[in-house]
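Below: the structure, in structure tokens.
Counting starts at 1 for both ligands and their atoms, following the listed order.
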Amino acid sequence: MPQTIEGHFDAKGRRFAIVAARWNSIFSEQLIAGATDTLVRHGANETDITLVRCPGSYELPQVARRVAQKMNVDAIICLGVLIRGSTPHFDYIAAEAARGIGAAGIESGVPTAFGVITCDTLEQAIERSGSKAGNKGAEAATAALEMVNLFDAIDESSNG
Ligand code: RBF
């Protein structure tokens, strides 16, 4: 068995920002609730979670970058809901959100989690924000937690 470095899911004493886009708020509020619930159930103090609202998913990378620079947080969970319309905007915004949220994490060293759901239909949005297909906000929070603890484990490893 190789030596394995991995992150666990302990949120105790950690500070988090949830950056959430306002668009399609009936769904994004569910993602926020799912992410918050996941962090708290893993030991985070609710007062250590800051919700930052931004206009749309296009703005998520810009806000995540600013939060990483200015706020003392261990991870940033980015949440948004994109529903495909009859314009090409969907693909542009989705691509920018995915690329930019990743870039903000790489540039800052603060883990950023991608909790943007991209849906063709309202039904898919319902499914991904707390019903049949789970809650993608909760999943993004779980990924953020694992990353925070993984980074610690890498830093503490004797090979690091
Ligand atoms: N933002 C979202 O988070 N979800 C969407 O489904 C969404 N659809 C949009 C559709 C159009 C045609 C436009 C122009 C914007 C949309 N936005 C959406 C907003 C976008 O992320 C951004 O806030 C605005 O374009 C302002 O920069």
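- Here Phe114 sits in one hydrophobic cluster together with Val19, Val52, Tyr58, Leu60, Val63, Val67, Met71, Val73, Ile76, Leu82, Phe90, Ile93, Ile101, Val110, Val116; the rule is ILVMFWY side chains under 4.5 Å apart, joined directly or through other members.
- Applying the 6.0 Å contact sphere to OH of Tyr92 captures no more than 12 heavy atoms from other residues, nucleotides or ligands.
- For CZ of Arg15, the number of neighbouring non-hydrogen atoms (other residues, nucleotides, ligands) closer than 6.0 Å is greater than 12.
- Within a 6.0 Å radius of CD in Glu123, other residues, nucleotides and ligands contribute 12 heavy atoms or fewer.
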Which pairs of N or O atoms, one from ligand 1 and one from the protein, are separated by less than 3.5 Å, and what is the distance for each pair?
{"unit_1": "ligand 1", "atom_1": "3 (O)", "unit_2": "Ser57", "atom_2": "N", "d": "2.9"}
{"unit_1": "ligand 1", "atom_1": "3 (O)", "unit_2": "Ser57", "atom_2": "OG", "d": "2.7"}
{"unit_1": "ligand 1", "atom_1": "4 (N)", "unit_2": "Val81", "atom_2": "O", "d": "2.8"}
{"unit_1": "ligand 1", "atom_1": "6 (O)", "unit_2": "Asn24", "atom_2": "ND2", "d": "3.3"}
{"unit_1": "ligand 1", "atom_1": "6 (O)", "unit_2": "Ile83", "atom_2": "N", "d": "3.3"}
{"unit_1": "ligand 1", "atom_1": "21 (O)", "unit_2": "Ser57", "atom_2": "N", "d": "3.2"}
{"unit_1": "ligand 1", "atom_1": "21 (O)", "unit_2": "Tyr58", "atom_2": "N", "d": "3.0"}
{"unit_1": "ligand 1", "atom_1": "23 (O)", "unit_2": "Gly56", "atom_2": "N", "d": "3.3"}
{"unit_1": "ligand 1", "atom_1": "23 (O)", "unit_2": "Glu59", "atom_2": "OE1", "d": "2.6"}
{"unit_1": "ligand 1", "atom_1": "27 (O)", "unit_2": "Glu59", "atom_2": "OE2", "d": "2.4"}

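- Under the 4.0 Å criterion applied to side-chain N and carboxylate O atoms, Arg14 and Asp152 are assigned as salt-bridge partners.
- Counting heavy atoms from C-beta on, the side chains of Phe16 and Ile77 come closer than 4.5 Å.
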